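This report refers to the structure that appears directly beneath it.
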Amino acid sequence: MNLSKFARLAAPVALLGLMAIEPSLAQDAAAPAAEAAAPTPNKGDTTWMLLSTILVFMMIAPGIGLFYGGLVRSKNMLSVLMQTFTIACVLMVLWVVYGYSFALNAGTVADWFVGGTSRLFLAGITPDSTAATFTDGVVIPEYVFVAFQMTFFALTPTLIVGGFAERIKFSAAVLFAVLWATIVYIPVAHMVWYSEGYLFALGALDFAGGTVVHINAGIAALVGALVLGPRIGYGREVLAPHSLVMTYIGAALLWAGWFGFNAGSNLEANGGAALALINTLVATAAAAIGWLAIESIAKGKASMLGAVSGAIAGLVAVTPAAGLVGPIGAIVLGGLAGVVCFFFCTTIKNALGYDDSLDVFGIHGVAGILGSIGTGIFAAAELGGVGLADGMTIGGQVYIQTVGVVITIVYGGIASFIIYKIVDLIVGLRVSAETEREGLDVNSHGERAYSI
Amino acid sequence: MNLSKFARLAAPVALLGLMAIEPSLAQDAAAPAAEAAAPTPNKGDTTWMLLSTILVFMMIAPGIGLFYGGLVRSKNMLSVLMQTFTIACVLMVLWVVYGYSFALNAGTVADWFVGGTSRLFLAGITPDSTAATFTDGVVIPEYVFVAFQMTFFALTPTLIVGGFAERIKFSAAVLFAVLWATIVYIPVAHMVWYSEGYLFALGALDFAGGTVVHINAGIAALVGALVLGPRIGYGREVLAPHSLVMTYIGAALLWAGWFGFNAGSNLEANGGAALALINTLVATAAAAIGWLAIESIAKGKASMLGAVSGAIAGLVAVTPAAGLVGPIGAIVLGGLAGVVCFFFCTTIKNALGYDDSLDVFGIHGVAGILGSIGTGIFAAAELGGVGLADGMTIGGQVYIQTVGVVITIVYGGIASFIIYKIVDLIVGLRVSAETEREGLDVNSHGERAYSI
Amino acid sequence: MNLSKFARLAAPVALLGLMAIEPSLAQDAAAPAAEAAAPTPNKGDTTWMLLSTILVFMMIAPGIGLFYGGLVRSKNMLSVLMQTFTIACVLMVLWVVYGYSFALNAGTVADWFVGGTSRLFLAGITPDSTAATFTDGVVIPEYVFVAFQMTFFALTPTLIVGGFAERIKFSAAVLFAVLWATIVYIPVAHMVWYSEGYLFALGALDFAGGTVVHINAGIAALVGALVLGPRIGYGREVLAPHSLVMTYIGAALLWAGWFGFNAGSNLEANGGAALALINTLVATAAAAIGWLAIESIAKGKASMLGAVSGAIAGLVAVTPAAGLVGPIGAIVLGGLAGVVCFFFCTTIKNALGYDDSLDVFGIHGVAGILGSIGTGIFAAAELGGVGLADGMTIGGQVYIQTVGVVITIVYGGIASFIIYKIVDLIVGLRVSAETEREGLDVNSHGERAYSI
Amino acid sequence: MKLVTAIIKPFKLDEVRDALTAVGVHGLTVTEVKGYGRQKGHTEIYRGAEYAVSFLPKLKIEVAVSAKLVDKVIDTITTTAKTGQIGDGKIFVTPIEQAVRIRTGETDEDAL
Amino acid sequence: MKLVTAIIKPFKLDEVRDALTAVGVHGLTVTEVKGYGRQKGHTEIYRGAEYAVSFLPKLKIEVAVSAKLVDKVIDTITTTAKTGQIGDGKIFVTPIEQAVRIRTGETDEDAL
Amino acid sequence: MKLVTAIIKPFKLDEVRDALTAVGVHGLTVTEVKGYGRQKGHTEIYRGAEYAVSFLPKLKIEVAVSAKLVDKVIDTITTTAKTGQIGDGKIFVTPIEQAVRIRTGETDEDAL
Ligand SMILES: Nc1ncnc2c1ncn2[C@@H]1O[C@H](COP(=O)(O)OP(=O)(O)O)[C@@H](O)[C@H]1O
Ligand SMILES: Nc1ncnc2c1ncn2[C@@H]1O[C@H](COP(=O)(O)OP(=O)(O)O)[C@@H](O)[C@H]1O
Ligand SMILES: Nc1ncnc2c1ncn2[C@@H]1O[C@H](COP(=O)(O)OP(=O)(O)O)[C@@H](O)[C@H]1O
């Protein structure tokens, strides 16, 4: 593997090969065309991508469901599980219908911004279709590439649920997620990961989705928290997590699944994936330690919720950097993320007074920004990274990274705001005060989480 | 990969190669015979099958344990975990002793129905032994094939536990499972998956076990529910699930493990496995949506239990179809399964009045039948599938599928009934009314699930 | 694969190749040296090791956290999750800093006992660096080898937590773990797994870490239980597990993760890994059955906690044996472990009167010893194993195994005792009686596990 | 006014509640409790540790009623909560001096 | 001495506690209970099975006070626990004949 | 007959139960409650949010006894439940006017 090339091209190049796929017809399956000369997938790579897809799936369920669910009051537990689960199911189907086509395929109107209609309903894909990877001549079955990217599409909007949890209508949550995934996720993914996308062309580095997934979700959650307003009793009543045990299980499975998210984004089972794996171990560990250390100093006690919050912050921060920085760089980046997110969630958020129920912005947003910028720094070969593009300076890369962050925040923030308003008009965003008091589980879903 | 061949041969062909294995002696390990010309396993395939085995294992524990356990009352939680766990442990050992030999190897007496004694105690298998896959010349280590199939053998009878949960004696549950696995599972597996088996020879398609696993377990559970009679208080008292959170975790892990179950049944890490993976994503998602949609219309609320029940229905329905239909076919099949199973579990079951405690028949049985028949339809190339055997019409295939379903139901139903009666004679099926009131955990196992 | 060689060399040989790695400089990444002739990793192997690492990670979190956490009272639940999680995070970082270098690389001072400084901060490792496996010419990326071994280093000290749970100071637990991992784990791992290590050179067989991980942790926990003294109320008050459901989930995920631990120790995705996998299935199942059978006879009831305790005993016992014995040998070994550990935990421990809160010694220690000795027996070709070294008798091998066990117990026991005393001097080992009464969660971490 | 407190077996709740409603009781309050008495408990074993559990799950029902209803209420509970097995529970009657409905401020019998 | 027992809506606890402290109450005991009354419950459906849940979560507050404080305590609870919605709950007053503080052995009003 | 209600520290339950049995009490009922009083609670912090928890876990023991046993029961509880630390709890005695054993219909002292 030629590392300098790897660093220069980053994740987006993986998609370059897609356009080269012969438009073999599904109907024509019995005669799989004369693609004798075409590269065939290595089965080790194929297995790695099957595994990575399954791992990211586990982040969706039970990962994020339990992580978030444990943090709400027991009367709203099922509503969180339900919102994350249903949103993901709907988006999985929509990914097949139009998501994949518009996000990661060539567009005709404004290819710098969004893809086109060539793969609607996965038209033309067969078990023999392949998608390119980072390495010339190395391909994977297109179906597994579609499935892997499907899990990202399904996961991202579930993260936003943390911003408006415990007070949103079920229908509003699902409708928002569908509109947001379509209007915000798809173009940002296209701009960042697709070869002709604006940010990709600019040279922005985002190994596994720091901008597309985390900053994007973080800003949408923040806007949601502001638009919906705080939960009844916020700041006065005890809104303590109902089960930190569930939050722990969720966090542990998120971490486990994140290996697929980060190292799977390498698309190939080689030393690069191994680097992303080890970085996803040590950055996370360092972030947990960072949060606990500062918490011990500031509050006198190290908390379990602090440990797992720090871990998630570390996972977010290392997401854009995973295959691009060295392990020591990952430790520094993670440690920083733990400290900064602690400070943000405990101090700045309280000072600002908005109710981002589960700190989606404070963790995914803040650590996402930190990680995206930090990738521009620690990817440099001098700092143990795999190296920037030829001739690129750290300053230059940081500038490009910042452009990516700003575009994501501005576009995502404004679009999210408009989508919330539209959803409010169509189905209404918030449940009644009485429903909120009694809990969403009984009122919105007709069931209770526990009868022990 | 030649798709038309793939469709024609389906899962069973994987076993064809087994008979070709040289009877190399374990003792002779240091001199692994002159099999120089024999194909050696691709390590990507081997890894894929190792992974798939581990995934199906997770369906057994904690998957089905939590899914079922959350649905019973807390006083019976441990009994469900214990029954599923112990049954699986006993069957894993029995698979090595005689299960593998009789289920998936050549038989001497009635090879169309059951195998023989050649592999008792895994005689003759070494780390170098291989098993064939769908593709000529592609093999995997026989040990991993044995282990993969072991998890199916261990899992299937645990599904039946849902039919008689909360009232069966522990000893009766284990004894029933052993007899049923021996007398029902083994011959059905042989008939469906073994090259000389009756249904295989007939051309019945069952990619990952719709008949062998799901219809089979569903009918056994229904018979069990009828033989044991309803739980005390059924229809009058509140028998609500004690923890839908556990049910959620279980469902999510079942889904995750099912990727190994379905895509692992491809036995090879290629585009076919990727197709089975993506179908296992979208059929399941569509089924959850289907259940929720019809539930919202019929009951006014979409429930979390509905979402996961739909998902399981979708997983069951796509099991026989996973590697044979296209993603759009999978979505249609899944969506249908969600709607039909909702209707069955909420209306037909109530009308009939039997107490299949956890709806094993309503979900595994019904969706299994739907999926088996549907496979005969959506596998057709015209409908986006990989194609039926040369000259086979959809009508013809559906007829064959129906034969498979009917044979499984009739044979499994009658045999199960007899086995229940035998178990009743030997150890008695049902606990005393007082034990049932107090709960099985304290009475049968001397412990309580929670002391919080 | 040449089995007799495999048996002779066992796991340690995997590390032989490490010394051969070219000291390629990370900075030099763009010009990856002229290593054209060097073997490159097979992607199937790489995927297998990525997967195995992730599986062992899941043993750490949520595996051991839930298994142990469920067994304590709810007021101490978070303390257990927190201790295991934090210890693991700290050790992951330390593995990169110095652990890997001293444990699994060449030493200059006393290479029979401990490694050296060549890999401090993972100096010189790049995505192209490789590590050797059991098979000549087969390599894996060094980063994944480092990550895989990192999870062992992080996991082992978390096992010890069970010995002093519910009464230790958080700071003491973390400090003890760091010192113990450095002073005990690293040299024992070097002696057992490194080619020049004392026990490796002696010919001791330890496929996946029976001595290094389990006996080592077991004895440290026993010493801890003795040094700290029993919990308040031990033997008088009810100290029942607060959630056997969490213990069940933890046990199931430990089992699932252990496939990576055992079969991953094969370092290659071949028939040997498949053998280790199937052994990890059947030995565990047999051990659960063994415990349940003897428990039914002795106490009249088979318990869920018994089933999972037996399973863990079986997993421990098969750890040193996994790739070296045949499935029938594994069943015998597992069954024995279930019976012996039941007897130890229920009778001998009560007779001796120490409070090893979660039976770390009774399960990991006792089954570890049994498994280590048993490996010397069942690895013999006559008993279905892969065969001992040329000219080695069963008696001879058992003698060597016993030497390994005794050295581990004596060295680990004495060193652990001294470390506890040092920790007591520095931060104090035990919380105040009032804190112990109220629970560690609220007092040490300022939070509660459940607010339902 | 009197407070009728009954300790009953948990699975009898719905039956008792329905019967009380039928004799004119409009409200009641239920608490999960653990009872110790003649009814024997069970033994739990966790690995080596055996615990004799002598506290059994019961429900406590509290009904505030006017004095004249007391006998009917006692009767109703006795009849419906009875299984004839040991551990069926007890009824205690204590005096209430004042009662208030928080929502309206109504007092005494009007408050019930 | 009197025992003032109030059944209130759970989210009112902190408010009531603060108000009682303000009028000189030094201690109280709270129990999670389930209330049946005029306030209607909800329906739960689990697959086919529908259950009408008529017991709602409430909190029971017990305060032992000297006779002269009773009216003030009733008043305070009525005011703070009131939402005006059905289901706000009840207050019952019963006589206490003796009181003891376990720690010191102090009795009666000194014990409160 | 009297109802002796004691609020005690949870870990004292077994000791108190044994001592009461020794003085001739045949049954009692226990409820998990939360107590507010002089004993200070603790602070919990979840990310930024700090909550002062002033309610502490306690157990409420209710024992119905004949009037002549009351003093002995109070004495027994006071002695065994005492740790001397703040928060040991209280005992309240209230009058019981009637008692019934559901299983047999026995009344008053025969019912205890
Ligand atoms: N003296 C008592 N004071 C308070 N509660 C009691 C008393 N005796 C019994 N109980 C309660 O009544 C329940 C049933 O009593 P028990 O003696 O087991 O059976 P029975 O009611 O048939 O005589 C006990 O579990 C306990 O909750
Ligand atoms: N007769 C009664 N005895 C004991 N508790 C009662 C009685 N009536 C009502 N309650 C309690 O008071 C609560 C509120 O009563 P409800 O009739 O719903 O509304 P409101 O207090 O507004 O009249 C009930 O949930 C129940 O806990
Ligand atoms: N006036 C009261 N009414 C009812 N319960 C009380 C009262 N005062 C105290 N308690 C209960 O007694 C417990 C112990 O009281 P506290 O004041 O903390 O200590 P002590 O009993 O040592 O004076 C409290 O937690 C509460 O449950």
Side-chain angles (χ1 to χ4, degrees), chain E residues 1-8 10-34 57-67 70 73 76-77 80 92-112, chain F residues 1-10 12 15-16 19 29-41 51-62 65 67 69-97:
Chain E
M1 292 164 298
K2 306 293 173 189
L3 184 66
V4 181
T5 301
I7 316 286
I8 62 166
F11 69 91
K12 282 293 190 180
L13 177 62
D14 286 335
E15 230 171 299
V16 171
R17 199 259 329 263
D18 292 347
L20 286 176
T21 314
V23 300
V25 167
H26 299 303
L28 48 84
T29 300
V30 175
T31 315
E32 290 179 7
V33 298
K34 290 202 173 132
K58 301 279 173 189
L59 289 183
K60 179 165 81 174
I61 300 182
E62 290 168 301
V63 204
V65 288
S66 66
V70 166
V73 164
T76 308
I77 299 178
T80 49
F92 304 126
V93 181
T94 52
I96 294 182
E97 298 180 346
Q98 292 183 52
V100 182
R101 184 194 306 275
I102 293 175
R103 171 166 48 97
T104 57
E106 286 163 288
T107 54
D108 298 341
E109 310 226 337
D110 293 340
L112 303 183
Chain F
M1 292 165 300
K2 305 293 170 187
L3 184 67
V4 181
T5 301
I7 317 287
I8 62 165
K9 290 189 168 163
K12 282 293 188 178
E15 231 171 298
V16 170
T29 301
V30 176
T31 314
E32 289 179 8
V33 298
K34 290 205 174 127
Y36 172 78
R38 283 167 189 78
Q39 187 186 3
K40 68 167 187 46
Y51 303 119
V53 175
S54 43
F55 287 97
L56 299 165
K58 302 279 172 189
L59 289 184
K60 179 164 80 175
I61 300 182
E62 290 170 301
V65 289
L69 247 180
V70 167
D71 289 343
K72 207 184 253 173
V73 163
I74 292 181
D75 230 58
T76 308
I77 299 179
T78 317
T79 321
T80 48
K82 184 169 172 169
T83 67
Q85 305 287 328
I86 206 161
D88 276 352
K90 317 278 181 192
I91 303 174
F92 305 124
V93 181
T94 53
I96 294 182
E97 299 180 347

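The chains referred to below are lettered A, B, ... by the order of the sequence lines, with proteins before strands, and numbering in each begins at 1. Values below: every heavy atom of this structure, side chains too, minus hydrogens, waters and symmetry copies. Note that this is a predicted model, so its numbers are computed, not measured.
Of the two parts of E/Glu106, neither the backbone nor the side chain holds a non-hydrogen atom closer than 4.5 Å to a non-hydrogen atom of chain F. For F/Thr78, the parts sitting under 4.5 Å from any heavy atom of chain E are the backbone and the side chain alike. Using a 4.5 Å cut-off between heavy atoms, F/Asp71 contacts chain E through its side chain alone, with no backbone atom that close. Residue E/Leu112 touches chain F through both its backbone and its side chain, counting heavy-atom pairs closer than 4.5 Å. With a threshold of 4.5 angstrom between heavy atoms, E/Ala99 approaches chain F through its backbone and through its side chain. Of the two parts of E/Thr21, only the side chain, counted from C-beta on, holds a non-hydrogen atom closer than 4.5 Å to a non-hydrogen atom of chain F. Residue F/Val70 touches chain E through its side chain alone, counting heavy-atom pairs closer than 4.5 Å.
Using a 4.5 Å heavy-atom cutoff, the side chains of F/Tyr36 and E/Val63 are not in contact. Between F/Ile77 and F/Ile61, the closest side-chain pair of non-hydrogen atoms is not below 4.5 Å.
When each of F/Thr79, F/Val33, F/Thr83 is scored by its heavy-atom pairs under 4.5 Å with chain E, the top score falls to F/Val33. The choice from F/Ile7, F/Ile86, F/Thr94 that makes the most heavy-atom pairs within less than 4.5 Å of chain E is F/Ile86. The most heavy-atom pairs under 4.5 Å with chain F, out of E/Asp14, E/Leu3, E/Leu13, come from E/Leu13. When each of E/Glu32, E/Met1, E/Lys60, E/Arg17 is checked for heavy-atom pairs under 4.5 Å with chain F, E/Arg17 comes out on top.
Looking at F/Gln39 and F/Lys58, their side chains do bring a donor and an acceptor atom within 3.5 Å of each other.
In this view, E/Gln98 satisfies the side chain to side chain donor-acceptor pair (under 3.5 Å) rule with no residue, not counting sequence neighbours. With sequence neighbours excluded, the residues satisfying side-chain contact (heavy atoms from CB on, under 4.5 Å) with E/Glu15 are E/Lys12.
The two residues F/Pro95 and E/Pro95 have their closest heavy-atom pair at CD-O, 3.7 Å. Annotation for F/Ala19 and F/Thr76: closest pair CB-CG2, 3.4 Å, computed over non-hydrogen atoms.
We find the CD1-OG1 distance between F/Ile91 and E/Thr107 to be 11.0 Å, quoted to the nearest 0.5 Å.
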